[in-house]
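Just so we're on the same page: letters track the sequence lines, and every chain starts at 1.
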Number of protein chains: 2
Amino acid sequence: MTVVQMVNQQTVPAALCVTEETHPRPDGRDQYTISEVAAFTGMSAHTLRWYERIGLMPHVDRSNTGQRRFSNRDLDWLAFVGKLRLTGMPVADMVTYAELVREGKRTEPQRKALLEATRTDVVQRIAELQDTLTVLDYKIGTYAGAEQAPERTGA
Amino acid sequence: MTVVQMVNQQTVPAALCVTEETHPRPDGRDQYTISEVAAFTGMSAHTLRWYERIGLMPHVDRSNTGQRRFSNRDLDWLAFVGKLRLTGMPVADMVTYAELVREGKRTEPQRKALLEATRTDVVQRIAELQDTLTVLDYKIGTYAGAEQAPERTGA
DNA sequence: CACTTGCCTGGAGTGCGCTCCAAGGTCTTA
DNA sequence: TAAGACCTTGGAGCGCACTCCAGGCAAGTG
């Protein structure tokens, strides 16, 4: 049975609670194949392998035949990465963050600083977008009355 | 005298009033060289030429020696393009919009539809970012107390 | 007049984030 | 046990949005 197609479900339950275990669990096993993970995260299997290669994933378990077996912890991490990606943070920076995590507790101050910088960026992006929204609304306003498919208006 | 460096001033007066004439006028001439425009828009001269090549700019005036002379109208258009760019709209779509504008008044319904679709995207992006902010705050919270540069804390 | 600075062009190059390919091994279901 | 879906790897390729280069013209300054 082929894995169900459910790409692009970014809208996971909002409280993804990183490294806590409130994760949408595909089933009870805590062992997911790459295509399952692809389906759940909306990332492609290619991307998941690539993330691992560049050091954006902590080492993923393998089956005795060498196939990846992702854990719930991995899923949590990927959900967080997905969020960071939404902010437009460069992948290289996420790798840096991942490296800091790997280095252990003593890097927490740096990690905090990094996230705070990201936070600032996000706040600014939101402001920019809201500004853009104003412009867009103004522009749309100037087209007011111009309806799509203007023929057969008299229905 | 070289043009003043003031790259990256995205934060133009918010009411940029596309094709209206409330524009920050570099001086009174209504004729700007490419490097002046680059300074005012924060786009590189390369990018401005490229935008023209791909049809994202209405035809720009030229001096008798063939140099570009941008008008206030061009600046307005570029400000709008800058806003669209912030939304993440692909350049190809902006070109489409520019083509519609060139085709005249009868394309207004399409243009309106296009902007409305963009608006929807922007609203969604804002929501995503706000969601991300929540996650970020949660994460930062877990690092609370971890201060940058922990040595010499006892000051 | 030489020199510097700025502009022009077509086309090539860059960096990012994937995305795909080839060649092969594995797992599942009939 | 055989087909077919799935997994593995290193490395090549792609699309986007620039970004830069070479070679050349034009205008201002000492």
Side-chain angles (χ1 to χ4, degrees), chain A residues 1-5 7-8 10 26-27 29 31-57 59-70 74 78 81-98, chain B residues 1-5 7-8 10 26 29 31-57 59-70 74 78 81-98 121:
Chain A
M1 176 251 210
T2 317
V3 166
V4 188
Q5 287 287 35
V7 175
N8 256 339
Q10 325 273 43
D27 56 10
R29 282 179 295 108
Q31 293 247 78
Y32 316 111
T33 68
I34 199 164
S35 64
E36 281 169 335
V37 175
F40 284 111
T41 60
M43 296 160 180
S44 78
H46 291 304
T47 300
L48 293 170
R49 290 192 199 100
W50 179 63
Y51 279 1
E52 192 183 353
R53 252 196 274 181
I54 65 175
L56 186 46
M57 280 293 299
H59 277 130
V60 176
D61 269 12
R62 300 296 180 122
S63 73
N64 54 359
T65 56
Q67 294 194 353
R68 285 172 187 81
R69 293 293 176 256
F70 292 80
D74 295 330
L78 283 170
V81 164
K83 286 293 180 193
L84 290 184
R85 189 173 56 163
L86 280 181
T87 69
M89 179 190 266
V91 168
D93 291 3
M94 296 194 238
V95 172
T96 302
Y97 183 83
Chain B
M1 177 250 208
T2 317
V3 166
V4 188
Q5 287 286 37
V7 175
N8 256 341
Q10 325 274 43
R29 281 180 295 106
Q31 294 246 80
Y32 316 111
T33 67
I34 198 164
S35 64
E36 282 170 334
V37 175
F40 284 111
T41 61
M43 296 161 181
S44 78
H46 291 304
T47 300
L48 292 170
R49 290 192 200 100
W50 179 63
Y51 278 1
E52 191 182 353
R53 253 196 272 182
I54 64 175
L56 186 48
M57 281 293 299
H59 277 129
V60 176
D61 269 13
R62 299 297 181 120
S63 73
N64 54 359
T65 56
Q67 295 194 354
R68 285 172 187 81
R69 292 294 176 256
F70 292 80
D74 294 331
L78 284 170
V81 164
K83 284 293 179 193
L84 290 184
R85 189 174 56 162
L86 280 181
T87 69
M89 179 191 266
V91 168
D93 291 3
M94 297 194 238
V95 172
T96 303
Y97 183 83
D121 287 356

Whole angstroms only, please: what is the [atom1]-[atom2] distance between [X] and [N]?
X	N	atom1	atom2	result
B/Q31	C/dC7	CD	C1'	15 Å
A/M89	C/dG17	CE	C1'	16 Å
B/R69	C/dC8	CZ	C1'	12 Å
B/W50	D/dC16	CH2	C1'	8 Å
A/E36	D/dC7	CD	C1'	13 Å
A/L48	C/dC20	CG	C1'	15 Å
B/D61	C/dC7	CG	P	16 Å
B/D93	D/dA17	CG	C1'	14 Å

Map B/H46 and A/I34 onto DNA chain D by nearest heavy atom, then report which one ends up closer to the 5' terminus.
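Nearer the 5' end of the strand: A/I34.
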Residue met sooner reading DNA chain D from 5', once B/N64 and B/G88 are mapped to nucleotides
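Result of the comparison: B/G88.
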What distance separates [X] [atom1] from [Y] [atom2], expressed to the nearest 0.5 Å?
X	Y	atom1	atom2	answer
A/L84	A/M89	CG	CE	5.0 Å
B/D74	B/M57	CG	CE	4.0 Å
A/F70	A/D61	CZ	CG	10.0 Å

Please determine if a side-chain N or O atom of [X] lies less than 4.0 Å away from the OP1 or OP2 oxygen of [N].
X	N	value
A/R49	D/dT8	yes
B/S35	C/dC7	yes
B/R68	C/dC7	no
B/S63	C/dC7	no
A/Y51	C/dC18	yes

List the residues meeting salt bridge (Lys or Arg N to Asp or Glu O under 4.0 Å) with A/R62, not counting sequence neighbours, and say none if there are none.
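Once residues adjacent in sequence are excluded, the partners of A/R62 under the salt bridge (Lys or Arg N to Asp or Glu O under 4.0 Å) criterion are A/E52.
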Categorize A/R53 for me: base, sugar-phosphate, or nothing, with a 4.0 angstrom heavy-atom threshold over every strand shown.
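If one applies the 4.0 Å heavy-atom cut-off, A/R53 turns out to touch a base.
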Within the structure shown, what part of the strands sits under 4.0 Å from A/R62 by heavy-atom distance: base, sugar-phosphate, or nothing?
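A/R62: backbone/sugar contact only, no base atoms under 4.0 Å.
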Tell me which of B/T65 and A/S44 sits closer to the 5' end of DNA chain C, going by the nucleotide each one is nearest to.
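First, find each residue's nearest nucleotide; the 5'-ward one identifies B/T65.
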If each of A/Q67 and A/T47 is mapped to the nucleotide of DNA chain C with the nearest heavy atom, which maps nearer the 5' terminus, i.e. the 5' end?
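First, find each residue's nearest nucleotide; the 5'-ward one identifies A/T47.
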I want to check something: taking the side chain as every heavy atom from C-beta on, are A/T33 and A/R68 in contact at a cut-off of under 4.5 Å?
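No; the side chains remain at least 4.5 Å from each other.
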